[in-house]
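Some notes on the structure that comes next.
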2 protein chains.
Amino acid sequence: MGDTKTLADKVFSEITTSIVRGELKPGERISEQNLVERYGGSRAPMRQAIQRLEARHLVVRVPHAGARVVSLTLSELADIYEVRVELEGMACRLAAQRMTDEEIADLQALLRKHEEMIEAEQGLSYYQKAGDLDFHYRLIRGSKNQRLHQMLCGELYHLVRMYRYQTSTGAKRPLQALKEHQRIVEAIAARDAELAELLMRRHIQASLTNLERLMAEEEGRK
Amino acid sequence: MGDTKTLADKVFSEITTSIVRGELKPGERISEQNLVERYGGSRAPMRQAIQRLEARHLVVRVPHAGARVVSLTLSELADIYEVRVELEGMACRLAAQRMTDEEIADLQALLRKHEEMIEAEQGLSYYQKAGDLDFHYRLIRGSKNQRLHQMLCGELYHLVRMYRYQTSTGAKRPLQALKEHQRIVEAIAARDAELAELLMRRHIQASLTNLERLMAEEEGRK
DNA sequence: TGTTTTTAGATTGTATACAATCTTAGTCTA
DNA sequence: TAGACTAAGATTGTATACAATCTAAAAACA
């Protein structure tokens, strides 16, 4: 049985992480020839990789003109966060209804680990990145809705992560973020779906409000 | 200035409509050679077209094994409707806040036209299809959120339409559907965002409930 | 007869070559 | 000097050829 990754697959995931980490910057050109020189092989698989990147909205292509790393305006980023508030609130509500007791216990254990790390003042920056993501991903999986999971984790989160570094979006204090996470899990453990949804919406809304403030400043500067 | 469509683009849209109309059935195989014989050209653009179909979740590909028209289980379709209820409810809420008075007037005019058509008992089946879609699309555009528009119209609706024919999903009586549409527009005209959202959710929820009933029947038959 | 192995065919993945289109630098003109 | 035009270069779109992999039908074996 062949689960051999094709070359196009490898290049695709390489570039994906490069973009999300900011090594390739928004607006930067990506040419097929360029990729051939960097990753080896021929143009055909590079072309496929670029198309897959386009499918995930990580690059924008115009016919005969080539591809560039996606470059979002504040307004477009706000649109994304608006959708994220809605979908992740929904995920949280469903998680409160559908997660097993065991899964909830795991989530609580995860937060205790985060708490220890913060108290020990180790990995402060870690919690902002991988830890925070891990929490959100688990919750979304807990919704038991595959399509929802795919839309959030497969489409929106790449873009969210990509811009998290550049704007101050989501740059919450680790301690405050942890407290909010704990409240959310409490609501889920109590099977209070409405409250869980509300708390998650607020948790994300802060970033959106921040974005809207930035947009207002930018508008005022003109 | 070149807005010349590439061959891959043409083939992509041809196949898209074929799938949505049901001319290509779920699970049916799509080979590159097959497309070459049907549309002309070489394998390269056919390959691209298939990749774009995969990006829209209209076909499923496995490496080295080829592509098939997507085939959803009832459970997967229910997941889609669950997300649709949420997103289109959101769109309706935003539309109530953001549509201009002129756009609302246009929407009202559209419904009056639908009413006349139904009273004249012309195009009953038309209203179920194009008319219903037109209404929903306009509302979604009214949310003024591009990302939301793209997720609903560009991703979910293809699959919804594809299965609308086959299951009895969304096979509402035209008159009842029209009445519900009218209530929704009334709420929007009154700028009552909460009510507009609630009404839209109910409007779609009926199809989801129907799906869940079918799933229960299927489960009981085992 | 049922199962496994083998082998031939078909299909996809990749490489390379050519044609169509766009981009950019340079030239010309007002 | 600013702007429009032109031509060379680079880049993408398409076609074809070959290699790697999968599929399925036939043969071998228990």
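Worth knowing before you read on, the calculation uses all heavy atoms, side chains too, and leaves out hydrogens, waters and symmetry mates. Order of the sequence lines fixes the chain letters, A, B, ..., with proteins taken first and strands second; residue numbering starts at 1 for each chain.
Aromatic ring pairs are classed by plane angle as parallel below 30°, tilted from 30° to 60° and perpendicular above 60°; the pair B/H136 and B/Y157 is tilted.
In this structure, A/R164 pairs ionically with A/D132, as a charged nitrogen and a carboxylate oxygen lie closer than 4.0 Å. For the pair B/R201 and B/E86, the salt-bridge criterion is met [side-chain N within less than 4.0 Å of a carboxylate O]. Salt-bridge formation is detected for the pair B/R98/A/E82: a Lys NZ or Arg NE/NH1/NH2 atom is positioned less than 4.0 Å from an Asp or Glu carboxylate oxygen.
Judged as a salt bridge (Lys or Arg N to Asp or Glu O under 4.0 Å), and not counting sequence neighbours, the contacts of A/R61 are A/E54.
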Which protein N or O atoms sit under 3.5 Å from an N or O of nucleotides 12-14 of chain D?
from   : atom 1 : to    : atom 2 : distance (Å)
D/dT12 : OP2    : A/E32 : N      : 3.4
D/dT12 : O3'    : A/H64 : N      : 3.4
D/dG13 : OP1    : A/H64 : N      : 3.4
D/dG13 : OP2    : A/R47 : NH1    : 2.6
D/dG13 : OP2    : A/R47 : NH2    : 2.4
D/dG13 : O5'    : A/R47 : NH2    : 3.4
D/dG13 : N7     : A/R43 : NH2    : 3.0
D/dG13 : O6     : A/R43 : NH1    : 3.0
D/dT14 : OP1    : B/L7  : N      : 2.6

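In the region residues 53-60 of chain B, proximity to DNA chain C at under 4.0 angstrom, judged on heavy atoms, holds for none of the residues.
Side chain to side chain, B/H57 and A/Q150 meet the donor-acceptor criterion of an N or O pair below 3.5 Å.
With the nearest nucleotide of DNA chain C identified for both A/M46 and A/R68, A/M46 has the one nearer the 5' end.
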**Report entry** Evaluation steps, side chain to side chain contact (heavy atoms under 4.5 Å, CB included), between A/V69 and A/V60
**Finding:** CA-CA 6 Å; A/V69 176; A/V60 175; over 6 Å; no
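Put simply, the side chain of B/C92 reaches to within 4.5 Å of the side chain of B/I188, judged on heavy atoms.
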